[in-house]
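Residue numbers run from 1 in the order of the sequence given. Quantities reported herein were computed from a predicted structural model and do not represent experimental measurements.
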Amino acid sequence: MKADRPYPAYTVTPKAEASILKGHPWVYADEITAAPDTPPENGAVVDVVSRKGRYLGSGLLSEASRIRVRLLSRNANDRFYEEFWRRRIQYAWAYRKAVYPPEDLACCRVVFGEADGLPGLTVDRFGPLLAVQILSFGMDQRRELLARLLAETLQADGEVIEGVFLRNDAALRQKEGLAEGKGWLEVPGLTHPEKAEVIITENGVRYHVDVENGQKTGFFLDQKLNRRRVAQLARGRRVLDCFTHTGSFALNAAFGGAAHVTAVDVSEAAVEMARRNAALNGLEGRMDFVCADVFDLLPALEGKSDYDFIILDPPAFTKARKTAASAMRGYKEINYRAMKLLPRGGILATASCSHFATPAMFEAMLASAARDAGRQLRQIEARQQAPDHPILWNVEETNYLKFYLFQVV
């Protein structure tokens, strides 16, 4: 390693070295074997080196977190001034323009954390609003700079940006020693609207999006192309959309020509928003809405259902590896019940958004549910998250969404 590097260095174990060389960007606290004599400030840029002094990368220090360093770069020539951050954001936006047609860029994920080389930073675009969530200490220190660069990058492309809203009300921030909260970020040149609410269009369907109070950053963008595929398969069918949230799959099915759609969620607030979205699109005449627990509803429908398309898009049943096995029991229950309800030739769309529920585990669960239900599954497609949520190979955390379409026979 060059002796004139301006950043303090942390020495890591051979295990951490091997992980970094394979492409993973995290260094855990228990993988550090030597630290600088003068501790750097929390959130500072630091170097990571091997026991032999080999330069492995540079990243942001987080003293409170088990993930002690999140790597930004493996290039020893990089210096982390404003131009570095501008370049990273420009790369992220250029990628979205490469994988999406212009009409899909109005609502998309602009930054997906580690997959874009900006660890701990999530940015979703909802028309003129940017919703930002920051889950790492070093990124949080740079939030005003990042917000300004985000706005400048999109505006330079002729995009209209009116405000940047922080959705830092995530419990994971506590692990970084950060407070939770939400509100507008003041960005030079932007006069944000009074409320963080907007109407967006995705796949031709319009939605009310409450950026301030909706789940995560206000709307789930990762299923965009899967919703589009559901719309294509729904024509003429009677559809049951379980865990509908604000109605996105249900609305796409209705928009695609479904004979009738029932949207179900345990949250009355979610159901009410789904109703509003149906009215916004003039689809309420072909839809009904039920506030119910799906685990109770599916068995109650057995023998009384004429649905021939069931959609299962539940929230993550596990957010830790140690609870993945028990989560599989929940996934199996709803999939088993859905398979039992569907007639021959019916369609099942089923998903998991937890990366701890691996594809192998999820597929084994589906096979077991089908055996118990006395059904065979004819796979139509196996899909993942939309490409604005890119999967970075060797970083398994970026590969999280599993989405399967089957004909039940």
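The pair Glu17-Arg51 does not meet the salt-bridge criterion, since no charged nitrogen lies less than 4.0 angstrom from a carboxylate oxygen. We find that Arg276 and Asp210 are not joined by a salt bridge, their nearest charged nitrogen and carboxylate oxygen being 4.0 Å or further apart. Comment: Arg148 engages Glu82 in a salt bridge, judged by a side-chain N to carboxylate O separation of less than 4.0 angstrom. Here Asp104 pairs with Arg228 in a salt bridge; the nearest charged N to carboxylate O distance falls below 4.0 Å. Between Lys195 and Glu212 there is no salt bridge, since no side-chain N of the basic residue sits under 4.0 Å from a carboxylate O of the acidic one. Glu268 and Arg275 are joined by a salt bridge, as a carboxylate oxygen and a charged side-chain nitrogen come within less than 4.0 angstrom of each other. Between Asp124 and Arg167 there is no salt bridge, since no side-chain N of the basic residue sits under 4.0 Å from a carboxylate O of the acidic one. In this structure, Asp308 pairs ionically with Arg237, as a charged nitrogen and a carboxylate oxygen lie closer than 4.0 Å. Ionic pairing of Arg329 and Glu333 is not present here: no N-O contact between side-chain nitrogen and carboxylate oxygen is shorter than 4.0 angstrom. Between Arg173 and Asp140, at least one side-chain nitrogen of the basic residue sits less than 4.0 Å from a carboxylate oxygen of the acidic one, meeting the salt-bridge criterion.
Between His389 and Gln223, the side chains place no donor N or O within less than 3.5 Å of an acceptor N or O (distance only, hydrogens not considered). For Ser136 and Arg70, the side-chain atoms include no donor-acceptor pair closer than 3.5 Å. Using modelled atom types, one finds a donor on one side chain and an acceptor on the other under 3.5 Å when comparing Ser58 with Arg5. Of the N and O atoms on the side chains of Arg229 and Gln232, at least one donor lies less than 3.5 Å from an acceptor on the other residue.
Considering Asp157, Asp388, Asp116 in turn, Asp116 is the only one that fulfils the salt bridge (Lys or Arg N to Asp or Glu O under 4.0 Å) rule with Arg96. If you run side chain to side chain contact (heavy atoms under 4.5 Å, CB included) between Cys242 and each of Asp313, Ile311, Leu298, only Leu298 comes through.
A distance of 12.0 Å separates CG in Leu121 from CZ in Arg142, rounded to the nearest 0.5 Å. Rounded to the nearest 0.5 Å, atoms CZ (Arg337) and CD (Glu302) are 6.0 Å apart. For the atom pair CG (Asp241) and OG1 (Thr262), the distance works out to 9.5 Å, reported to the nearest 0.5 Å. Atom CZ of residue Arg86 and atom CG of residue Leu145 lie 8.5 Å apart, to the nearest 0.5 angstrom.
Aromatic ring pairs are classed by plane angle as parallel below 30°, tilted from 30° to 60° and perpendicular above 60°; the pair Tyr207 and Phe219 is tilted. Between Tyr28 and Trp26, the ring planes lie perpendicular to each other; the angle is over 60°, past the 30° to 60° tilted range. Ring-plane geometry between Tyr331 and Phe362 is classed as perpendicular, the angle between the planes exceeding 60 degrees on a 0 to 90 degree scale with a lower cut at 30. Relative orientation of the Phe317 and Phe243 rings is perpendicular, given thresholds of 30° and 60° on the angle between their planes.
A 6.0 Å sphere centred on CD of Gln376 holds no more than 12 heavy atoms belonging to other residues, nucleotides or ligands. No more than 12 heavy atoms of other residues, nucleotides or ligands sit less than 6.0 Å from atom NZ of Lys175. Open room surrounds CD on Glu194; 12 or fewer heavy atoms of other groups in view lie less than 6.0 Å from it. With a 6.0 Å radius and a threshold of 12 heavy atoms from other residues, nucleotides or ligands, Arg235 has its CZ atom at or below the threshold.
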- Take Trp93 and Glu159 through the test side-chain contact (heavy atoms from CB on, under 4.5 Å) and record every step on the way to the result. CA-CA 12 Å; Trp93 180 237; Glu159 304 290 345; 3.9 Å; yes

- Task: Give the intermediate values and the outcome of side-chain hydrogen bond (donor to acceptor under 3.5 Å, both in side chains) for residues Glu176 and Ser62.
- Result: CA-CA 7 Å; Glu176 294 282 320; Ser62 182; 2.6 Å; yes

- Message: Determine whether Phe165 and Lys182 satisfy the following criterion, side-chain contact (heavy atoms from CB on, under 4.5 Å), listing intermediate values before the conclusion.
- Response: CA-CA 7 Å; Phe165 195 85; Lys182 53 187 176 180; 4.0 Å; yes

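Without hydrogens or angle criteria, Asn42 side chain to Glu63 main chain gives a donor-acceptor distance under 3.5 Å. Checking side-chain atoms of Asn203 against main-chain N and O of Val205 turns up no donor-acceptor pair under 3.5 Å.
Residues meeting the salt bridge (charged side-chain N to carboxylate O under 4.0 Å, His left out) test with Arg383, sequence neighbours left out: Glu381. In this structure Asp222 satisfies the salt bridge (charged side-chain N to carboxylate O under 4.0 Å, His left out) test with no other residue, sequence neighbours excluded.
Put simply, the side chain of Leu130 reaches to within 4.5 Å of the side chain of Leu154, judged on heavy atoms. Between Asn277 and Met287, the closest side-chain pair of non-hydrogen atoms is not below 4.5 Å. By the 4.5 Å heavy-atom criterion applied to side chains, Tyr95 and Pro387 are counted as neighbours. In this structure, the side chains of Thr122 and Lys216 stay at 4.5 Å or more apart for every pair of heavy atoms. The side-chain heavy atoms of Leu301 and Leu240, taken from C-beta on, include a pair separated by under 4.5 Å. The shortest distance between side-chain heavy atoms of Ile89 and Glu152 does not fall below 4.5 Å. Taking the side chain as every heavy atom from C-beta outward, Arg344 and Gln407 never approach each other to under 4.5 Å. Contact check for Lys224 versus Tyr100: side-chain heavy atoms found under the 4.5 Å cut-off.
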